Amino acid sequence: LITDEEAAKQFADDVNIKAEEVNFRYVSAAWTYNTNITQENQEAMVAESLRLAEFDQEVAHNASAFFWTNFTDTNLRRIFSRLVDIGTAAMPDTEKLERLNHIQSEMRTIYSTGEVCLSESECLPLDPDLTRLFAESRDYDRLLAAWQGWRDVSGKKMKDLYEEFVALSNEAILANGYEDTGAYWRSWYDTPTFEEDLVDLFETLKPLYVNLHAYTRKKLRELYGADKFPSTGQIPAHLLGNMWAQTWNNLYDVLEPYQNKDSIDVTPEMIRQNFTAIKMFEVSDEFFESLGMIKMPDSFWNYSMLSKPDDRDVVCHASAWDFYNRQDFRVKQCTEITMEDLITVHHEMGHIEYFLQYKDQPVVYRGGANPGFHEAVGDVISLSVQTPEHLEKIGLIQNVTNDNEADINFLMRMALQKIAFLPFGYLIDQWRWSVFSGETPKDKYNEKWWDLRCKYQGVSPPVTRTEEDFDPAAKFHIPNNTPYIRYFVSFVIQFQFHRALCNASEQSGPLHHCDIYRNQLAGTKLSDMLKLGSSLPWPEAMMMVSGEDKMNGTALMEYFQPLTEWLQEQNGNDIGWEDACPKPDTKD
Ligand SMILES: O=C(CCC(O)(O)[C@H](Cc1ccccc1)NC(=O)c1ccccc1)N[C@@H](Cc1c[nH]c2ccccc12)C(=O)O
Ligand SMILES: [Zn+2]
């Protein structure tokens with residue numbers, strides 16, 4: 001084995017240049033497919049992903065000719081550990097790798113082209129139609145038809161494909177040195193106690209969720225009639241304003257604690273001011289600029305897809321794209337003129353800002369310190385943007401009242417977006433890890449899913465489910481094979497970052513009123529961490545920004561403290577659903 005570290009550095013530099021070209025080719029083919037779904041573009045993307053895999057395999061093979069585990073240079077060791085870790089590209093059998101990539105693109109296409117016919121003449125795609133229906137409709141039966149219809153045209157069609165996908169993914173990952181795909185995904189957090197830490201975090205935050213669930217259930221029983229609700233305490237999954245019951249912000253009008261206060265839902269005002277998708281992205285870009293951070297390059301504005309085209313099929317689920325040439329960065333989003341989409345705009349722009357900050361790192365370091373960091377950047381900014389104070393600064397709200405009742409209203413709105421999400425963000429990969437590990441076989445896929453949905457989220461299926469159904473795949477990230485625990489991590493650490501940046505900007509007052517807009521101290525602190533990419537272990541990156549090196553829920557609990565007390569008063573003892581859910585061990 002080669003021990004010469006100078007030769008190793010030269011090897012890594014050569015690989016880095018080639019990696020930019022090969023990644024650019026693949027990303028370009030993926031962009032073409034995602035923004036124009038055709039058989040031809042799907043096949044071209046699969047072909048390019050195979051070329052990328054071959055490149056990764058060759059690099060891993062050549063890198064293992066070096067005795068890199070013994071290198072004295074820590075950074076060089078870290079780089080080589082990334083060069084040899086190539087995920088499913090390690091699949092030795094090219095035919096099987098082609099089949100794996102083909103199955104993934106098949107599932108992606110089924111999901112992105114699915115439509116639900118609610119009547120002869122009314123066939124609706126998920127974006128924007130079914131999404132809007134779930135945001136606006138209060139018609140129990142219409143919501144049920146859309147809920148069941150979507151699962152029939154998406155998840156139900158993918159059960160066999162998914163089973164085959166799991167086997168092939170695990171076979172490939174085994175060749176990469178991990179026992180299953182879930183173990184590989186968890187390795188990105190590089191924390192031996194990662195799963196325990198998540199359990200502790202969830203237990204800490206669970207009381208906040210249980211209180212929000214109880215309050216919401218009471219209000220929905222008043223709206224739809226208690227007879228529509230199981231006596232065991234769950235909420236039917238189609239009544240929460242979202243296709244997956246993952247965020248409940250669209251129920252704000254039903255749940256508003258103090259009526260006739262100035263509405264903080266700026267959707268009507270955005271429409272009144274003739275907001276466009278581009279305007280929404282300009283608002284976000286201006287915020288990053290105000291922090292002294294990097295603004296969007298011209299290529300972003302020239303090549304992004306910021307609205308749904310009307311002449312072709314596209315993957316509408318929002319995403320941010322790094323073309324690995326240090327100059328081309330894009331967002332693809334079917335943007336609607338709503339507050340919810342303004343928040344997603346900031347989320348996607350957070351990804352782009354991270355790309356811009358770490359663009360001069362080696363390719364192996366162009367990623368988040370851990371995947372949760374990448375998901376948190378935009379959300380940290382949007383915690384400031386969503387404050388009534390900030391919305392007033394940018395002219396989306398007039399004459400903000402700042403009294404205790406307005407405070408509770410605002411915190412309720414934020415809780416429907418952040419606290420409601422926590423169990424969902426947690427359970428998706430609990431399900432997926434159990435499938436990858438073999439604990440959940442195909443004939444238990446749907447049962448396991450609803451056990452977790454009951455246990456963590458306290459929601460129940462509004463109609464009977466069987467193993468003919470495959471409800472997990474009705475959620476983008478399952479057919480798209482995008483890990484999900486990153487969002488749970490993000491929803492926790494974004495409050496730690498927010499608290500740290502607010503302290504850095506010497507903002508006094510409660511956390512939920514803090515707006516770091518135009519504060520260069522905060523901007524510099526955040527930028528310095530983003531520039532690192534994944535070149536340092538994430539606890540060191542977190543320490544740089546927040547002075548903490550662990551995920552913890554204290555910042556999130558501090559932020560919501562006033563609402564937690566208010567909810568406890570409102571709910572009394574009418575809370576919970578736990579004993580309704582099947583216990584896993586008694587299942588067998
Ligand atoms: O999926 C997303 C946003 C899309 C994304 O920006 O996370 C996107 C997902 C994706 C990954 C891989 C391929 C295609 C889409 N991730 C990225 O674009 C991305 C880009 C670079 C690095 C990491 C992620 N949000 C999640 C979680 C979520 C729900 N509501 C929210 C509100 C604010 C922030 C997040 C959410 C969801 O919709 O369930
Ligand atoms: Zn994201």
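Counting convention: from 1, in listed order, for ligands and their atoms alike. Quantities reported herein were computed from a predicted structural model and do not represent experimental measurements.
Between H477 and Y487, the distance separating the two ring centers is shorter than 6.0 angstrom. In this structure, Y184 has its ring center under 6.0 Å from that of W188. Taking the six-membered ring where the residue is Trp, the centroids of Y456 and Y426 are separated by under 6.0 Å.
Relative orientation of the Y111 and F476 rings is perpendicular, given thresholds of 30° and 60° on the angle between their planes. Between H374 and Y354, the two ring planes are tilted [angle within 30° to 60°]. Between F488 and F202, the ring planes are tilted. Angles from 30° to 60° get that label. Between F421 and Y484, the angle of the ring planes lies from 30° to 60°, which puts this pair in the tilted group. Classified by interplanar angle (parallel below 30°, tilted 30° to 60°, perpendicular above 60°), the ring pair Y189/F194 is parallel. Ring-plane geometry between Y162 and W431 is classed as tilted, the angle between the planes lying from 30 to 60 degrees on a 0 to 90 degree scale.
Polar contact with ligand 1: present for A320 (N/O pair, distance under 3.5 Å). Considering backbone and side-chain N/O atoms, H477 comes within less than 3.5 Å of an N/O atom of ligand 1. When only interatomic distances are considered, the shortest N/O to N/O separation between E375 and ligand 1 falls below 3.5 Å. Every N/O-N/O distance between T247 and ligand 1 stays at or above 3.5 Å. Not a single N or O atom of R486, backbone or side chain, sits closer than 3.5 Å to an N or O atom of ligand 1.
Close contacts between ligand 1 and H347 involve ligand atoms 3 (C), 5 (C), 6 (O), 7 (O), 34 (C), 35 (C) [criterion: under 4.0 Å to a heavy atom]. Taking every non-hydrogen atom of K475 and a distance limit under 4.0 Å, the qualifying atoms of ligand 1 come out as 37 (C), 38 (O), 39 (O). The atoms of ligand 1 that sit less than 4.0 Å from any heavy atom of S319 are 14 (C), 15 (C), 18 (O). Listed by number with element, the atoms of ligand 1 under 4.0 angstrom from any heavy atom of E348 are 3 (C), 4 (C), 5 (C), 6 (O), 18 (O). Annotation for ligand 1: atoms under 4.0 Å from non-hydrogen atoms of Y484 are 26 (C), 27 (C), 37 (C), 39 (O).
Residue E348 does not count as close to the Zn ion (ligand 2), with no N, O or S atom under 2.8 Å.
At a heavy-atom cutoff of 4.0 Å, ligand 1 is contacted by no atom of W321, backbone or side chain. With a 4.0 Å heavy-atom cut-off, ligand 1 is reached by the side chain of D379 but not by its N, CA, C or O. By the criterion of a heavy-atom distance under 4.0 Å, neither the backbone nor the side chain of D322 is placed next to ligand 1.
Scanning the protein heavy atoms around atom 4 (C) of ligand 1, the nearest turns out to be A318 O, 3.2 Å. The protein atom (non-hydrogen) at minimum distance from atom 21 (C) of ligand 1 is F355 CZ, 3.5 Å. In terms of protein heavy-atom proximity, atom 14 (C) of ligand 1 is closest to N480 ND2, 3.6 Å. For atom 16 (N) of ligand 1, the nearest non-hydrogen atom of the protein is H351 NE2, 3.8 Å. The protein heavy-atom contact nearest to atom 12 (C) of ligand 1 is T482 OG1, 3.6 Å. The protein heavy atom nearest to atom 9 (C) of ligand 1 is Y487 OH, 3.6 Å. In terms of protein heavy-atom proximity, atom 31 (C) of ligand 1 is closest to F491 CZ, 4.3 Å.
Geometrically, R330 engages F323 in a cation-pi contact, judged by NZ or CZ lying under 6.0 Å from the ring centre and within 45° of the ring axis. In this structure, R366 fails the cation-pi test against Y358, since its NZ or CZ atom is not both closer than 6.0 Å to the six-membered ring centre and inside 45 degrees of the ring normal.
Under a 4.0 Å N-O distance rule, the pair E48/R51 qualifies as a salt bridge.
Looking at T216 and L240, their side chains come closer than 4.5 Å, going by heavy atoms from C-beta outward.
The residue among H374, H317, Q246 with a heavy atom at the shortest distance from atom 2 (C) of ligand 1 is H317.
The Zn ion (ligand 2) is the vertex of the angle joining NE2 of H351 and NE2 of H347, which measures 110° to the nearest 10°.
Looking at E375 and the Zn ion (ligand 2) together, the shortest N, O or S contact belongs to OE1.
Side-chain contact, Q246 with K475: a donor N or O sits under 3.5 Å from an acceptor N or O.
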